[in-house]
Amino acid sequence: MLIVMKLDASKQQIERVKEKIIKLGFQPHEIPGAQRVAIGITGNKGKVDAEQFLLLEGVSDAIPVSKPYKLVSREVKSENTIVKIGSHEIGSKELTLIAGPCSVESREQVFTTANAIHEMGVVFFRGGAYKPRSSPYAFQGLKEDGLELLKEVREKTGMKIVTEAKDTATLSLVADVADIIQIGARNMQNYSLLEAVGELRKPVLLKRGLSATIEELLMCAEYILHRGNYDVILCERGIRTFETASRNTLDLNAIPIIKKLSHLPVFVDPSHGIGIWEGVLPMSFAAIAAGADGLIIEVHHEPSAALSDGYQSLKPKRLLELIEKLKVLAPVVNRSMSLS
Ligand code: PEP
Ligand code: MN
């Protein structure tokens, strides 16, 4: 249920509604809006009686929420969520670009790529230190040493760091370094991990599972918001279909559908989506044209030598080409590029 407060509701009246919700054994979630405050109720097993809230001062309406996910739903919050990181506003009119290697491999690799990307004005640098690999024999990441290198990238370039948390055991180490914590496709339904990042107050990039429906993705985001972390960015990264010519099938349908169902920002990862570097530029343009708020792109200074995902990685000069073309495309869809 969503309790909508009157335009002139006082702080005290809002507090009284929250106290009432807690007294009933449920959880209140204050959702500030441009016009008025709303308070979402979660934790109820059955229907909540609307009348007891309508009788409270300052309450304008009590609306049942029809979707199984509540806090991520547009029914509860009609305005787009904007995730603020420094002066950057993810989910606003600005398009955000996250770029960097699949994995942090070495000091030379990470700084060659980071310096090139930084020069192009990219603000968010990606790189996995803990890598969830399909094969136990594949490179598993530099782990803590990788995090140290990412920390250095931030110190030396000022770029913000996006890196994956693979499990709850190493989450706090990752959270110390990351400006955005990535939850990978394989971990989308790792509920303990979702609950743990829900306890943090740090933005989370939640990638869609390999065979997950849009509703399942939204339910997983709900786990994070339910614990009080409202800074969640959803990421379409391709799903598994019968098609084998591409690594995955990038589900561009998901962008307008999620935008309709949820207020959270939506990113697209065309690198994993198609899995072929030549396809990354066209799929990036398609994603932005379809309404994505940002892109996460894999870049490597020497893709043929990459320890993971080289075939889908762009060389820096291709990333520059992508940025130049996105600058032309952005105004066509009423957006601008967020670069430093
Ligand atoms: C990655 O970003 O390198 C990655 C492992 O992505 P995904 O979880 O989408 O497969
Ligand atoms: Mn990768």
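Here the structure is a predicted model, which is why all the values come from computation and not from measurement.
Inspection of the T170 and K166 side chains reveals no N or O donor paired with an N or O acceptor under 3.5 Å. Of the N and O atoms on the side chains of S66 and E75, at least one donor lies less than 3.5 Å from an acceptor on the other residue. Side chains of H272 and E298: a donor-acceptor N/O pair is present below 3.5 angstrom, by distance only. Side chain to side chain, Q140 and R133 fail the donor-acceptor criterion of an N or O pair below 3.5 Å. Judged by distance alone, the side chains of T96 and S338 never bring a donor and an acceptor atom under 3.5 Å apart. Judged purely by distance below 3.5 Å, without hydrogens or angles, the side chains of R208 and N248 never pair a donor atom with an acceptor atom.
Classified by interplanar angle (parallel below 30°, tilted 30° to 60°, perpendicular above 60°), the ring pair H29/H226 is tilted.
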- Report the C-alpha distance between N334 and K93 in whole Å, list the side-chain angles of each, state the deciding distance to 0.1 Å, and finish with yes or no for side chain to side chain donor-acceptor pair (under 3.5 Å). CA-CA 7 Å; N334 201 22; K93 265 186 82 169; 3.3 Å; yes

- Applying side chain to side chain contact (heavy atoms under 4.5 Å, CB included), run through F267 and L295 and close with a yes or a no. CA-CA 5 Å; F267 272 42; L295 299 166; 5.9 Å; no

- Evaluate the criterion side chain to side chain contact (heavy atoms under 4.5 Å, CB included) for residue pair I21 and F53; output intermediate values, then yes/no. CA-CA 9 Å; I21 295 167; F53 289 103; 3.6 Å; yes

- Message: Is there a salt bridge (charged side-chain N to carboxylate O under 4.0 Å, His left out) between D269 and K207? Walk through the geometry before answering.
- Response: CA-CA 9 Å; D269 173 349; K207 298 187 93 178; 2.7 Å; yes

- Given the rule in the side chain to side chain contact (heavy atoms under 4.5 Å, CB included) test, do S284 and I297 qualify, once you have shown the distances and angles that lead to the verdict? CA-CA 9 Å; S284 297; I297 310 273; 3.6 Å; yes

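Annotation: side chain of D145 is not in contact with side chain of V104 (no heavy-atom distance under 4.5 Å). E164 is listed as a side-chain neighbour of P132, based on a closest heavy-atom distance under 4.5 Å. Side chains of F125 and V110 form a contact here, defined as non-hydrogen atoms less than 4.5 Å apart.
With V299 as reference, L319 is the one residue of L319, V280, V122 to meet the side-chain contact (heavy atoms from CB on, under 4.5 Å) rule.
Shown here is E57, whose CD atom has no more than 12 heavy atoms of other residues, nucleotides or ligands within 6.0 Å. Heavy atoms from other residues, nucleotides or ligands lying under 6.0 Å from CZ of R240 number 12 at most. More than 12 non-hydrogen atoms from other residues, nucleotides or ligands lie less than 6.0 angstrom from CD of E243. Crowding of E199 atom CD: a count of heavy atoms from other residues, nucleotides or ligands under 6.0 Å exceeding 12. Open room surrounds NZ on K315; 12 or fewer heavy atoms of other groups in view lie less than 6.0 Å from it. Applying the 6.0 Å contact sphere to CD of E15 captures more than 12 heavy atoms from other residues, nucleotides or ligands.
Residues M219 and I41 do not share a hydrophobic cluster, clusters being chains of Ile/Leu/Val/Met/Phe/Trp/Tyr side chains in contact below 4.5 Å.
Put simply, CG on D179 and CE on M159 are 11.0 Å apart, with the number rounded to the nearest 0.5 Å. Remark: I224 CD1 to L193 CG distance equals 8.0 Å, nearest 0.5 Å.
With hydrogens and angles ignored, the 3.5 Å screen pairs a side-chain donor or acceptor of E222 with a backbone N or O of L71.
K131 forms no cation-pi arrangement with F139, by the criterion of a distance under 6.0 Å to the ring centre and an angle within 45° of the ring axis.
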